[in-house]
Amino acid sequence: MNEQYHPEHVEAEAQAWWRDNQTFRAREDPAREKYYCLSMFPYPSGRLHMGHVRNYTIGDVMSRYQRMRGRNVLQPMGWDAFGLPAENAALQHGVPPASWTRQNIDYMREQLQRLGFAYDWSRELATCQPEYYRWEQWLFTRLLKKGIAFRRTAPVNWCPKDMTVLANEQVVDGCCWRCDTPVERREIPQWFLKITDYAQELLDALDEMEGWPEKVRTMQRNWIGRSEGVEIHFPIADAPAEALRVFTTRADTLMGATYVAVAPEHALAARAAQDRPHLAEFIESCRQAETSEAALETAEKRGMDTGLFVLHPLSGRRLPVWVANFVLMAYGEGAVMAVPGHDQRDWEFARKYQLPVEAVVVPEGFAGDPASRVAEAADEEKGVVVNSGEFDGLGFRDAVDAVAAKLGRLERGEKRVAFRLRDWGVSRQRYWGCPIPVIYCDACGIQPVPDEQLPVRLPEDVALDGAVSPLTRLEEFVTTQCPACGGAARRETDTFDTFMESSWYFARFTSPDCDTAMLDERAAYWLPVDQYIGGIEHAILHLLYARFFHRLMRDEGLVSTDEPFARLLTQGMVLKDGVKMSKSKGNTVDPEDLIARYGADTVRLFIVFASSPDQSLDWSDSGVEGAYRFLRRLWAFAVAQGATVRRAADSDPGDPAVRRELHALLRQADYDYRRNQFNTVASAAMKMLNLLQDAAGTQTPGRDATLREGLRMLLALLAPITPHIAQALWRDLGFGDTPVDGPWPVVDETALEQDQLELVVQVNGRLRDRIQVPAGADRQAIEAAALASEAVARHLQGKTLRKLVVVPGKLVNLVVS
RNA sequence: GCCGAGGUGGCGAAACUGGUAGACGCGCCGGACUCAAAAUCCGGUGGUGGCGACACCGUGUCGGUUCGACUCCGACCCUCGGUACCA
């Protein structure tokens with residue numbers, strides 16, 4: 001055995017052995033308990049960054065730990081290969097997205113392999129492969145027939161100069177990122193999936209998902225945003241047969257409504273604008289806006305009177321109809337009722353445009369002038385209804401019930417549940433994505449592409465120009481035959497949102513080579529994913545879409561569970577000097593350089609050691625040095641003790657003092673592995689090496705057997721984190737070929753027993769002394785020992801003992817005054 | 001704007017169910033080895049005061065609950081993630 005630690009040799013050898021033995025090839029085996037561990041697959045951007053390395057290291061540690069504990073582990077890897085960056089690269093460097101993506105994948109695969117992750121590479125997939133997206137297209141055509149997929153208009157960011165649709169990311173300060181032209185909002189027809197049909201189910205299931213962090217469940221609950229309220233119809237004054245529909249959770253304030261507001265795109269606004277140039281101009285100016293919620297909510301609230309009126313559904317009072325830039329067609333009905341007395345946004349809008357503010361709710365027992373309550377700001381608190389005729393005196397709940405009942409009798413409204421969640425827009429006016437499998441026929445309308453014509457392949461030899469997708473100009477792609485009538489027809493040229501591909505890849509990994517169906521019987525063995533690991537930035541969109549998509553597959557009979565991911569770990573970001581590591585900030589650290597210098601095990605160890613997985617991790621070059629130093633020290637120690645360890649027998653008695661500490665460390669590390677706090681596992685391993693090095697310097701009778709036991713324990717503990725060095729030393733010390741299949745070390749409870757305990761003695765909660773007591777000491781004996789302490793006596797002088805708290809095994813607190 | 005997190009020594013962090021704040025590592029200081037340096041090894045290291053035993057202060061800020069609070073409650077400040085076409 002080489003005296004020096006040479007990671008490049010150690011790691012190449014271990015990786016070759018795993019490859020030759022197909023160690024990580026996963027095989028379905030109903031007799032064994034499975035463990036499907038999945039890290040979010042990467043977008044093939046070119047090179048791995050530290051965030052990837054961290055994500056995949058955490059996943060690998062969990063996979064290897066579970067395997068050592070006896071589970072049948074599946075850990076696959078693939079590529080989220082469609083997306084915008086490939087188109088940007090194509091524009092910048094003139095490389096077609098397909099070849100750019102494939103080159104990136106080849107490079108990044110090698111980087112992952114160099115890190116020694118225990119992946120079953122035979123299951124690798126890339127979402128840009130027709131063999132993959134074929135089944136996504138297939139499922140979409142089922143959804144189309146079921147009415148889950150539907151078409152309607154929705155707003156997009158439009159750059160009028162480049163004549164192209166922009167992603168929110170491509171809009172900077174309201175302008176196009178390339179040409180700085182102010183962005184417009186445009187309504188265009190798009191495909192949607194009816195996720196709102198599943199809103200209640202997606203919400204309810206969160207309560208049972210105990211393997212998910214509470215923060216993610218809370219975020220999803222808020223995102224779905226279920227609210228109970230009333231839908232109210234305001235008849236239009238000039239055309240009482242028509243009504244403006246609004247939804248409100250505060251129907252108790254209905255009598256305080258003083259105006260209504262509609263979206264600039266609302267039909268009523270357009271109607272009013274026909275003979276009002278000023279209004280038409282205002283509506284036009286509202287198009288000069290981004291589509292993002294953040295931009296919408298922080299933009300200045302502007303509005304204009306349409307001159308039209310609606311009738312209050314209960315009082316018959318005429319209420320003016322305003323157009324407001326903060327009301328969007330896509331949300332709810334595109335109209336809201338305004339109660340400025342009890343809604344702050346309405347209050348500010350009313351104040352700005354001199355609209356009336358009326359108070360219709362006051363706190364219980366309030367005797368003053370209600371108007372005084374809303375003079376300086378809206379009063380959003382719930383209370384007792386006033387100034388509302390027959391509803392006066394009712395509390396919130398009763399008032400809502402009474403208002404809803406009356407609206408119901410008049411057929412002008414009813415109770416309804418509303419969700420904040422909106423249907424999922426899956427159309428993208430982009431090239432590098434999965435073609436939407438739809439054909440438009442002038443005679444037969446919208447036709448799904450028949451199964452036998454799937455996949456609709458994305459043409460790959462195309463030139464991009466930064467404006468419209470090249471698909472729209474590719475005659476041989478666009479021109480086709482109607483599957484129904486055989487006549488000339490056109491293909492859809494939009495592609496799917498890339499969240500579509502990432503919504504089911506976890507399932508496809510179970511049946512990656514199946515070419516007769518989306519999934520086969522192997523899915524039933526492996527699903528659901530037992531442990532999913534990825535960034536917190538995916539807490540809402542990706543994870544909600546995947547949960548939804550899983551249900552779509554369930555309802556198609558493809559999977560049998562409701563939820564795709566049993567347990568979720570959201571890892572923190574990688575920072576450098578306290579700020580996010582990113583290319584734009586120029587503070588990146590290239591994993592490849594580090595691996596070349598220190599080896600994969602050092603990088604893995606540092607990543608695991610520097611922070612707990614769910615916290616952010618601050619990169620430190622000297623911290624990496626520390627990890628490397630530890631591995632070198634471990635290597636030197638194991639080699640130096642090799643002969644001793646190989647000579648000792650497992651049955652020899654050990655050194656009780658060292659064994660007690662050893663097993664206490666093991667117990668803690670075991671606990672930390674189970675609660676996914678790997679940084680303290682690494683710390684326990686370091687303590688263990690320190691302990692064994694100290695023990696090696698002594699001459700106690702059980703020394704050699706304890707070194708043997710301790711080194712085996714230490715290598716097992718480290719094997720999930722630094723698998724290469726662990727395997728090399730495992731072999732050298734004669735423990736076997738590899739630790740990947742365990743056995744996992746077991747805590748020896750008898751080794752932990754103590755006859756003396758140290759207790760802390762506090763006076764008024766402040767540490768004053770420590771005392772030794774026999775392990776079985778009763779309360780009386782403990783009190784006596786505490787009172788016998790000199791330090792305690794000093795602090796008791798001239799004071800009266802009021803109370804004596806004894807926490808068994810921990811401390812004594814004397815309360816004095 | 002709204003929703004969700006985070007804030008502990010010079011630095012990364014730990015502290016299990018409210019019970020010894022700062023484990024482990026980095027850095028720094030001192031020492032050993034060396035002609036010298038690197039590497040390695042040994043010791044020290046939250047702040048203030050004191051020769052010292054020791055005392056006081058200390059977990060973003062302000063307040064509260066408790067025998068006892070990094071941990072629980074209330075208000076606030078700052079940083080980060082998401083905000084539906086970045087992935």
Side-chain angles (χ1 to χ4, degrees), chain A residues 40 42-43 45 80 83-85 88 154 156-157 165-171 190 195 213-216 218-223 225 291-299 326 330 345 420-430 497-499 502 535-542 544-545 570 572-573 575 577-580 606 609-612 614-627 629-630 632-633 636 668 671-672 675 677 679-680 682-687 690 758-767 770 791 794 802-805 807 810-816:
Chain A
M40 290 180 186
Y43 178 81
S45 55
D80 189 13
L84 215 41
N88 292 333
V156 293
N157 298 306
V165 174
L166 298 175
N168 285 337
E169 186 194 47
Q170 299 173 319
V171 180
Q190 317 217 47
I195 191 173
E214 193 55 54
K215 62 177 171 183
V216 176
T218 302
M219 281 190 262
Q220 292 211 348
R221 276 190 201 105
N222 292 339
W223 184 260
T291 57
S292 78
E293 193 203 22
L296 192 73
E297 287 287 332
T298 51
F326 55 85
R345 189 174 64 181
R420 203 188 78 96
L421 180 69
R422 308 197 302 264
D423 282 325
W424 177 12
V426 295
S427 295
R428 295 294 179 268
Q429 296 70 45
R430 308 198 187 288
D497 176 6
T498 56
F499 276 129
S502 56
I536 183 68
E537 65 271 21
H538 295 294
I540 297 175
L541 293 181
H542 162 60
L544 193 63
Y545 290 144
T570 53
M573 287 180 311
L575 315 175
D577 308 318
V579 293
K580 186 177 178 174
F606 172 72
F609 179 63
S611 181
S612 76
D614 58 335
Q615 301 289 102
S616 61
L617 180 154
D618 207 333
W619 192 263
S620 152
D621 293 334
S622 51
V624 179
E625 287 278 355
R629 197 174 305 155
F630 169 76
R632 274 198 326 243
R633 200 150 62 84
Q668 184 236 307
Y671 174 68
D672 290 340
R675 63 174 178 149
Q677 190 171 287
N679 53 331
T680 44
S683 151
M686 290 174 183
K687 288 180 192 173
N690 293 344
E758 188 185 73
L759 295 190
V760 159
V761 183
Q762 299 178 332
V763 177
N764 284 345
R766 304 178 66 102
L767 174 68
R770 292 150 203 277
R794 259 205 322 280
R802 298 274 175 211
K803 193 170 168 184
L804 217 156
V805 182
V807 182
K810 290 266 183 191
L811 58 75
V812 181
N813 189 14
L814 298 104
V815 185
V816 303

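Numbers restart at 1 for each chain; the letters A, B, ... are given by sequence-line order, proteins then strands.
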Protein-to-nucleotide contact annotation, 5' to 3' order, nucleotides 23-28 of chain B [B base; S sugar-phosphate only; - none; under 4.0 Å, heavy atom]: BBSSS-

State whether the side chain of A:Ser292 and the backbone N or O of A:Ala295 hold a donor-acceptor pair below 3.5 Å, judged by distance alone. yes

Between atom CG in A:Asp621 and atom C1' in B:rG12, what is the gap in whole Å? 13 Å

Would you call A:Leu804 and A:Val812 a side-chain contact if the rule is heavy atoms closer than 4.5 Å? yes

Among all residues two or more places apart in sequence or in another chain, which pass the salt bridge (charged side-chain N to carboxylate O under 4.0 Å, His left out) test with A:Asp672? A:Arg675

Pair A:Tyr671, A:Thr680 - check side-chain contact (heavy atoms from CB on, under 4.5 Å), show working. CA-CA 10 Å; A:Tyr671 174 68; A:Thr680 44; over 6 Å; no

Between A:Leu759 and A:Lys810, does a side-chain contact (heavy atoms from CB on, under 4.5 Å) hold up when you go through it step by step? CA-CA 5 Å; A:Leu759 295 190; A:Lys810 290 266 183 191; 5.6 Å; no

Stems involving RNA chain B: give each as a range paired with a range, ordered by first number, where a stem means at least three consecutive Watson-Crick or G-U wobble pairs under 3.5 Å. B:1-7 with B:77-83, B:10-12 with B:24-26, B:27-32 with B:40-45, B:46-49 with B:54-57, B:60-64 with B:72-76

Please report the distance separating the P of B:rA36 from the corresponding atom of B:rG31, rounded so that it comes out in whole Å. 14 Å

Atom-pair distance (CG on A:Leu575; P on B:rG7), nearest Å: 13 Å

Under 4.0 Å, counting only non-hydrogen atoms across every strand here, what does A:Ser612 touch: a base, just sugar-phosphate, or nothing? sugar-phosphate

Enter syn or anti for the glycosidic conformation of B:rG43, syn applying to angles within 90° of 0. anti

Donor-acceptor pair, distance only, cut-off 3.5 Å: does the side chain of A:Asp614 make one with the backbone of A:Thr570? no

Distance in angstrom units between A:Lys810 NZ and B:rU71 C1', rounded: 14 Å

Heavy-atom donor-acceptor pair, A:Glu297 side chain to A:Ala294 backbone, under 3.5 Å: no

Taking the P atom of each, how far is B:rG52 from B:rU48, in whole Å? 14 Å

Is the shortest distance from a Lys or Arg side-chain nitrogen in A:Glu214 or A:Arg221 to a carboxylate oxygen in the other one below 4.0 Å? yes

Among B:rC3, B:rG1, B:rG19, which nucleotide has an atom closest to any side-chain atom of A:Val807? B:rG19

Separation of atom CG in A:Asp614 from atom C1' in B:rG4, rounded to whole Å: 14 Å

Hits for ring pair (Phe, Tyr, Trp, His ring centres under 6.0 Å) against A:Trp223, two or more places apart or cross-chain, chain-then-number order -> none

Whole-Å C1' distance, B:rC11 and B:rG7: 15 Å

Spacing between A:Arg770 atom CZ and B:rG19 atom C1', to the nearest angstrom: 13 Å

A:Gln677 side chain near B:rA15 phosphate (N/O to OP1/OP2, under 4.0 Å): yes

Could you tell me if A:Gln615 and A:Ser612 have a donor-acceptor pair between their side chains, going purely by distance under 3.5 Å? no

Starting at CG of A:Leu811 and ending at P of B:rG19, how long is that distance when rounded to a whole Å? 9 Å

Each nucleotide of nucleotides 76-87 of chain B classed B (base within 4.0 Å of a protein heavy atom), S (only sugar-phosphate) or -, in 5' to 3' order, makes ----SSSBBBSB

Select from A:Val760 and A:Leu617 the residue whose nearest nucleotide in RNA chain B is closer to the 5' end of that strand. A:Leu617

Pairwise P distance for B:rA84 and B:rC77, with rounding to whole Å: 25 Å

Check: A:Ile195 main-chain N/O paired with A:Asp423 side-chain donor or acceptor under 3.5 Å: yes

Do A:Asp80 and A:Thr498 have side-chain atoms, one donor and one acceptor, less than 3.5 Å apart? no

All N/O pairs under 3.5 Å across the protein-nucleotides 62-69 of chain B interface:
residue : atom : partner  : partner atom : Å
B:rC67  : O2   : A:Asn813 : ND2          : 2.5

Decide, yes or no, whether a salt bridge links A:Glu625 with A:Arg632 under the criterion of side-chain N to carboxylate O below 4.0 Å. no

Please verify the inter-ring angle class for A:Phe606 with A:Trp619; under 30° counts as parallel, over 60° as perpendicular, anything in between as tilted. perpendicular

